[in-house]
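These figures come from a predicted structure and were not determined experimentally. Heavy-atom basis, side chains included; hydrogens, waters and symmetry copies ignored.
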Amino acid sequence: MSSHLNFLLTALLFFVSGCISKDQKAPDMQDPVFDVAMQGVNPAWFERAMKDVDYGIHRVEKYGEMAADSAALFRQSFEEMDAHNIRYGLLSHGVYKESFLQEQPERFMLSYEPDLSLEDHTGAARQFEEDVLSGKYAALGELGLVYEGIPLNTPDLYPYYEVAQKHGVPVLIHTGFSGPNPQQVLSPAFRIGTANPLLVEDVVMDFPDLQIVMMHMGWPFFDEGLYMLSTYPNVYMETSVAVWLLGDELFNRLLKEAVATAGSDKILFGTLQMAWPQLIGKSVQTIREAPYLSQNQKDDILWDNAVRMFEIEE
């Protein structure tokens, strides 16, 4: 090989290694990630809902560019997952969530969403159990009770909780949070007080072996969520939406307090990318670059806790 060619190859390797920092390794060198909060939504709905939204917590720069259509949502989501070594994703919502699963069945798992309009959930819970036993569903939720103004301690969903506890299926409950102007954009029945994590205590009392995941860190009821997280062994917290919408300063303060108070083994990683696939990578990097977390703590949040909860053998 000529010396000139050797020089070019050496220069190329030096350039590539220089472009990949310690915190931005090549995908096959990065530690694995399990995203427990993903959606297969229709971007067109969000385009209408987010029109003229640019205020308060919902300033547009928090979101970035929206996927143009479902094809772009699929492609960009997969690209983000590949780039950041996200090996598993739990799909909780959206008209395209089963399409995501069909595209990459080895990567995605489905979660079951109950029809909250039912007056009697007994029959639906029996079907849920059959689907759990067949391997169709790995979790229950996201339970978006707040959008219907239903408090988190409603006994209406107890038939599903009985199935979930019996078969070791975790339930993901929307705690706190809202989208912009929620009564106008999301649901007239939305009432943030119905999503206070303290209401989960009644569920814990009645289902002490049910694994309960409080989504979105419970914000703005973070202290209440932290109490639940640090008090009950079967209650967990996950990071979706909070990790990218609250802003780095607030989110990192909350996560640091949660880890210091309850331990990194009680926190799961989620994004809830909705119509903004680039939020996947941004969310992963926020955890990977957190200076207050040890590598073991980062591994807990990004991978180990979810792998243990969903009993995945690696």
Parallel, tilted or perpendicular, as decided by the 30° and 60° cut-offs, for the rings of Phe78 and Phe100: perpendicular
Spell out, yes or no, whether Leu268 and Leu226 are grouped together once hydrophobic residues are joined by side-chain heavy atoms under 4.5 Å, including indirect joins. no
NZ on Lys298 to CD on Glu289, rounded to 0.5 Å: 8.0 Å
Do Leu250 and Phe222 sit in the same hydrophobic cluster, where Ile, Leu, Val, Met, Phe, Trp and Tyr count as joined when their side-chain heavy atoms come under 4.5 Å apart? yes
Got a second to check how far Thr261's OG1 is from Asp223's CG, nearest 0.5 Å? 9.0 Å
Between Val132 and Lys166, does a side chain to side chain contact (heavy atoms under 4.5 Å, CB included) hold up when you go through it step by step? CA-CA 11 Å; Val132 167; Lys166 178 180 177 181; over 6 Å; no
Under 30°, 30 to 60°, or over 60°: which ring-plane class applies to Phe128 and Tyr137, parallel, tilted or perpendicular? tilted
Taking the side chain as C-beta and beyond, is there a heavy-atom pair between Pro182 and Ile192 under 4.5 Å? no
Does a side-chain heavy-atom distance below 4.5 Å link Gln285 with His84? yes
Using every non-hydrogen atom in the two residues, find where Ala275 and Val41 come nearest and quote the distance to one decimal. N-CG2, 4.0 Å
Can you tell me if CD on Glu65 sees more than 12 non-hydrogen neighbours from other groups inside 6.0 Å? no
Could you see if Ile212 belongs to whatever hydrophobic cluster contains Leu140? Use Ile, Leu, Val, Met, Phe, Trp, Tyr and a side-chain cutoff under 4.5 Å. yes
Please tell me whether Val284 and Leu90 are part of a single hydrophobic cluster in this structure, the criterion being side-chain heavy atoms less than 4.5 Å apart. no
Please step through side chain to side chain contact (heavy atoms under 4.5 Å, CB included) for the pair Phe269 and Trp303, ending with a clear verdict. CA-CA 8 Å; Phe269 173 77; Trp303 179 254; over 6 Å; no
Under 3.5 Å, is there a donor-acceptor pair between the Asp120 and Thr122 side chains? yes
Has the side chain of Ser111 got a donor or acceptor atom that lies under 3.5 Å from a matching backbone atom of Gly141? yes
Carefully, step by step, assess Arg288 and Val33 under the rule side chain to side chain contact (heavy atoms under 4.5 Å, CB included). CA-CA 10 Å; Arg288 284 183 172 152; Val33 177; 3.5 Å; yes
Calculate, to the nearest 0.5 Å, the distance between atoms CZ and CG belonging to Arg87 and Leu302 respectively. 12.0 Å
Assess the side chains of His93 and Gln39: does a donor N or O sit below 3.5 Å from an acceptor N or O? no
Looking only at heavy atoms, what is the nearest atom pair of Val36 and Leu172, with distance? O-CD2, 3.6 Å
Does Leu246 form a side chain to side chain contact (heavy atoms under 4.5 Å, CB included) with Ile57? I'd like the steps, not just the answer. CA-CA 7 Å; Leu246 291 182; Ile57 194 174; 3.5 Å; yes
Extract all donor-acceptor atom pairs below 3.5 Å that involve side chains of residues 66-77 and protein atoms in other chains or at least two apart in sequence.
from  : atom 1 : to    : atom 2 : distance (Å)
Asp69 : OD1    : Ala71 : N      : 3.2
Asp69 : OD1    : Ala72 : N      : 2.8
Ser77 : OG     : Leu73 : O      : 2.7

Verify, without hydrogens or angle tests, whether Thr175 (side chain) and Met215 (backbone) share a donor-acceptor contact under 3.5 angstrom. yes
Shortest non-hydrogen contact from Val259 toward Leu293: CG2-CD2, 3.8 Å
Please indicate whether Glu47 has more than 12 foreign heavy atoms, meaning atoms of other residues, nucleotides or ligands, lying under 6.0 Å from its CD. no
With distance as the sole criterion, is a donor-acceptor pair present between the side chains of His58 and Tyr63 under 3.5 Å? yes
With side chain to side chain contact (heavy atoms under 4.5 Å, CB included) as the test, pick out the partner of Phe221 among Leu199, Asn196, Leu198. Asn196
Is there a side-chain contact between Thr286 and Trp244, using heavy atoms and a 4.5 Å cut-off? no
Which donor-acceptor pairs under 3.5 Å do the side chains of residues 233-241 make with protein atoms, sequence neighbours left out?
from   : atom 1 : to     : atom 2 : distance (Å)
Asn234 : ND2    : Pro208 : O      : 3.3
Asn234 : ND2    : Leu210 : O      : 2.8
Glu238 : OE1    : Ser240 : N      : 3.1
Glu238 : OE1    : Ser240 : OG     : 3.2
Glu238 : OE2    : His216 : N      : 2.9
Glu238 : OE2    : Ser240 : N      : 3.3
Glu238 : OE2    : Ser240 : OG     : 2.5
Thr239 : OG1    : Gly270 : N      : 3.1
Thr239 : OG1    : Gly270 : O      : 3.0
Ser240 : OG     : His216 : ND1    : 2.9

Pro220 and Phe177 have their tightest heavy-atom pair at CD-N, 3.9 Å
How long is the gap from CG on Leu152 to OG1 on Thr194, to the nearest 0.5 Å? 6.5 Å
Taking every heavy atom of Leu145 against every heavy atom of Pro151, the minimum-distance pair comes out as CD1-O, 3.9 Å
Would you indicate whether the side-chain heavy atoms of Ile280 and Thr271 approach each other to under 4.5 Å? yes
For the student: nearest non-hydrogen atoms of Val185 and Trp45, plus distance: O-CZ2, 3.9 Å
Rounded distance [0.5 Å steps], CG in Asp131 versus NZ in Lys136: 5.0 Å
Is there a side-chain contact between Lys62 and Trp276 (heavy atoms, below 4.5 Å)? no
Can you say whether the rings of His174 and Tyr147 are parallel (under 30°), tilted (30 to 60°) or perpendicular (over 60°)? perpendicular
Min side-chain heavy-atom separation Val60-Val53 under 4.5 Å: no
Hey, what's the ring geometry for Tyr232 with Tyr227, parallel, tilted or perpendicular (30° and 60° as the breaks)? perpendicular
Please report whether the ring centroid of Phe251 lies less than 6.0 Å from that of Trp219. no
Using the rule that two of Ile, Leu, Val, Met, Phe, Trp, Tyr join whenever any of their side-chain heavy atoms come within less than 4.5 Å, decide whether Met217 and Met309 are in one cluster. no
Within the distance-only criterion (no hydrogens, no angle test), does the side chain of Asn153 pair as donor or acceptor with the backbone N or O of Asp202 below 3.5 angstrom? no
Can you tell me if Gln295 and Asp31 form a side-chain donor-acceptor pair at under 3.5 Å? yes
Do Asp35 side-chain atoms and Gly89 backbone N/O form a donor-acceptor pair below 3.5 Å? no
Which residue, Asp300, Asn296, Asp299, forms the side chain to side chain donor-acceptor pair (under 3.5 Å) with Ser264? Asp300
Any heavy-atom pair between the side chains of Gln273 and Gln278 that's under 4.5 Å? no
With the threshold set at 4.0 Å, does a side-chain nitrogen-carboxylate oxygen contact exist between Arg253 and Glu249? no
Under 3.5 Å donor-acceptor, Glu224 side chain and Pro197 backbone: no
Do Ile287 and Leu255 have side-chain heavy atoms sitting under 4.5 Å apart? yes
Inspect the surroundings of CD in Glu119 and state if more than 12 heavy atoms from other residues, nucleotides or ligands are less than 6.0 Å away. no
Looking at CZ of Phe207 and CG of Leu157, how far apart are the two atoms once the value is rounded to the nearest 0.5 Å? 9.5 Å
